[in-house]
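Order of the sequence lines fixes the chain letters, A, B, ..., with proteins taken first and strands second; residue numbering starts at 1 for each chain.
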There are 2 protein chains.
Amino acid sequence: MTSEPAESIRTAGLRVTAQRLAVLGALDGMPHADTEALHRAVRRTLPGITLQSVYVVLGALTEAGLIRRIEPAGSPALYERRIGDNHHHAICSRCGAVQDVDCVVGHAPCLHPSDAAGFAVQTAEVTFWGLCPACQNA
Amino acid sequence: MTSEPAESIRTAGLRVTAQRLAVLGALDGMPHADTEALHRAVRRTLPGITLQSVYVVLGALTEAGLIRRIEPAGSPALYERRIGDNHHHAICSRCGAVQDVDCVVGHAPCLHPSDAAGFAVQTAEVTFWGLCPACQNA
DNA sequence: CCGTTATTACGAATAATTCACAATAAGCCC
DNA sequence: GGGCTTATTGTGAATTATTCGTAATAACGG
Ligand SMILES: [Mn+2]
Ligand SMILES: [Mn+2]
Ligand SMILES: [Zn+2]
Ligand SMILES: [Zn+2]
């Protein structure tokens with residue numbers, strides 16, 4: 001079996017670089033991380049990498065569909081490797097903690113817009129806002 | 001019947017100012033407008049108003065619950081006067097056009113995550129991404 | 001009409017992200 | 001493996017959206 005991440009990068013028509021491998025690697029341990037956090041993490045193995053390069057790498061990987069970007073209100077963009085399943089997120093309105101939530105498409109009255117006014121809807125993005133377990137004690 | 005917007009501002013515990021009335025007034029004609037668009041609009045009746053003041057006004061009105069702020073991915077914050085009904089939005093991924101989508105349930109949270117991992121969910125924010133009628137012809 | 005205090009204006013600062021362009025290195029051909 | 005082409009990265013600056021500190025102004029209660 002070949003190196004999985006390298007393979008997926010190449011298959012996406014992109015060149016395999018140390019920076020891209022490092023970002024993918026870092027993302028494994030920290031789902032829903034922002035660019036700066038990823039930069040700090042990647043720096044441990046790739047000390048010279050620039051923040052701007054992390055931005056570029058994340059942009060390329062996102063566009064290639066290898067990672068997913070979410071942009072919660074009031075937060076910088078977050079990235080994750082879990083893709084292809086259109087899952088949703090619960091976000092703590094107090095501390096910003098992010099939890100994956102499995103797609104609720106089955107029993108979801110609000111996910112079928114009765115009147116989308118002619119929109120050709122491709123995806124339904126759901127964000128649950130509330131308090132995480134830790135923040136409920138306060 | 002008294003002046004409706006002034007009344008609601010006062011009831012919220014805020015002072016009634018020309019700037020706040022002007023922003024609310026502008027918002028009537030342009031739902032889902034961003035701060036700069038509102039600034040341009042308000043300037044027509046209040047030439048001296050600063051962009052920063054529009055930011056402050058929008059912040060105060062939002063915090064008071066008199067208007068609602070949405071922050072779609074890739075867009076500056078948008079504001080609207082339609083509040084209290086927990087409605088959703090269809091957004092064109094190409095041109096950014098925003099359409100209101102009625103909530104089938106009507107009250108928050110209209111959806112329940114299958115597994116929220118202990119989150120106390122207060123609202124479910126749903127955004128439908130797709131192509132608006134105009135952009136489908138392209 | 002006065003005084004208190006919230007609100008606005010002014011100027012600058014910050015946070016997140018993008019851009020232009022030169023330096024580097026991946027992948028391909030030989 | 002060595003060179004060539006071109007994608008990618010690094011460098012430095014610019015941009016966009018928003019916030020902050022503080023002085024000037026104006027709303028509202030008395
Ligand atoms: Mn996720
Ligand atoms: Mn709306
Ligand atoms: Zn929390
Ligand atoms: Zn459109």
Side-chain angles (χ1 to χ4, degrees), chain A residues 2-3 5-26 32-40 42-43 45-64 66-67 69-79 96 98, chain B residues 2-3 5-26 32-40 42-43 45-64 66-67 69-79 96 98:
Chain A
T2 92
S3 172
E7 202 60 27
S8 63
I9 293 175
R10 211 183 320 265
T11 303
L14 298 175
R15 291 187 183 174
V16 179
T17 69
Q19 290 86 341
R20 286 171 178 169
L21 289 172
V23 167
L24 279 184
H32 313 122
D34 65 21
T35 308
E36 278 203 78
L38 285 166
H39 182 222
R40 281 194 301 274
V42 167
R43 258 189 180 168
T45 57
L46 228 61
I49 194 172
T50 310
L51 175 62
Q52 287 87 331
S53 292
V54 178
Y55 271 104
V56 171
V57 164
L58 289 170
L61 294 179
T62 301
E63 193 157 357
L66 296 177
I67 62 176
R69 176 192 354 234
I70 63 175
E71 298 179 46
S75 157
L78 308 178
Y79 297 87
V98 179
Chain B
T2 93
S3 173
E7 202 59 29
S8 62
I9 293 176
R10 211 182 321 266
T11 302
L14 299 175
R15 292 187 182 174
V16 179
T17 69
Q19 290 86 340
R20 285 171 179 170
L21 289 173
V23 167
L24 279 185
H32 314 121
D34 65 21
T35 309
E36 279 202 80
L38 286 166
H39 182 223
R40 281 193 303 272
V42 168
R43 256 187 180 170
T45 56
L46 227 62
I49 193 172
T50 309
L51 174 61
Q52 286 87 329
S53 291
V54 178
Y55 271 104
V56 171
V57 164
L58 289 170
L61 295 179
T62 301
E63 194 157 356
L66 297 178
I67 62 177
R69 176 191 357 232
I70 63 173
E71 298 180 46
S75 157
L78 308 179
Y79 297 87
V98 179

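- If you take CD1 of Ile9(B) and P of dT7(C), they are 10 Å apart, rounded to a whole angstrom.
- In this structure, Ser53(A) reaches the bases: a heavy-atom distance under 4.0 Å links it to at least one base atom across the strands shown.
- With the end axes of the helix from dC1(C)-dG30(D) to dC30(C)-dG1(D) each set by five pairs, the angle from one to the other reads 40° at 10° resolution.
- For the pair Gln52(A) CD and dT17(C) C1', the computed distance is 9 Å after rounding to whole Å.
- Residues forming a ring pair (Phe, Tyr, Trp, His ring centres under 6.0 Å) with His39(A) (at least two apart in sequence, or on another chain): none.
- A pairwise comparison of heavy atoms in Ala6(B) and Val16(B) identifies O-CG2, 3.5 Å as the closest pair.
- Nearest heavy-atom pair across Ala26(A) and Val42(A) is CB-CG2, 3.8 Å.
- Between Glu36(A) and Leu51(A), some side-chain heavy-atom pair lies under the 4.5 Å cut-off.
- Nucleic acid contact for Glu36(B): sugar-phosphate only, since backbone atoms but no base atoms lie under 4.0 Å from a heavy atom of the residue.
- In this structure, OG1 on Thr45(B) lies 10.0 Å from CG on Leu21(B), to the nearest 0.5 angstrom.
- In this structure the side chain of Pro72(B) reaches within 4.5 angstrom of the side chain of Leu78(B), judged on heavy atoms.
- In this structure a side-chain-to-backbone donor-acceptor pair under 3.5 Å is missing from Arg20(B) to Val57(B).
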Exercise for review: Assign a letter to each nucleotide of nucleotides 24-30 of chain C from its 5' end: B, base within under 4.0 Å of a protein heavy atom; S, sugar-phosphate only; -, no contact.
Suggested key: -BBS---

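- For DNA chain D, no neighbouring residue in residues 71-79 of chain A is found when judged by any heavy atom under 4.0 Å.
- Across Pro5(A) and Ser8(A), no two heavy atoms sit closer than the pair O-OG, 2.7 Å.
- Bounding nucleotides for the chain B contact on DNA chain D, 5' to 3', at a heavy-atom distance below 4.0 Å, are dA17(D) to dC28(D).
- Atom OG1 of Thr50(A) and atom CD of Gln19(A) lie 8.5 Å apart (nearest 0.5 Å).
- A straight line from CG of Leu46(B) to C1' of dA9(C) spans 12 Å, rounded to a whole angstrom.
- Atom CG of Leu51(B) is separated from atom P of dA12(C) by 16 Å (rounded to the nearest Å).
- The CZ atom of Arg69(A) lies 9.0 Å from the CD atom of Glu63(A); values are rounded to the nearest 0.5 Å.
- Evaluation of the side chain to side chain donor-acceptor pair (under 3.5 Å) rule for Arg40(A) yields no partner, not counting sequence neighbours.
- Rounded to an integer number of Å, the gap from Tyr55(B) OH to dC10(C) C1' is 16 Å.
- Between Tyr79(B) atom OH and Leu58(B) atom CG the span is 5.0 Å, to the nearest 0.5 Å.
- Contact detail for Leu66(B) and Ile9(B): the closest heavy-atom pair is CD1-CA, 3.8 Å.
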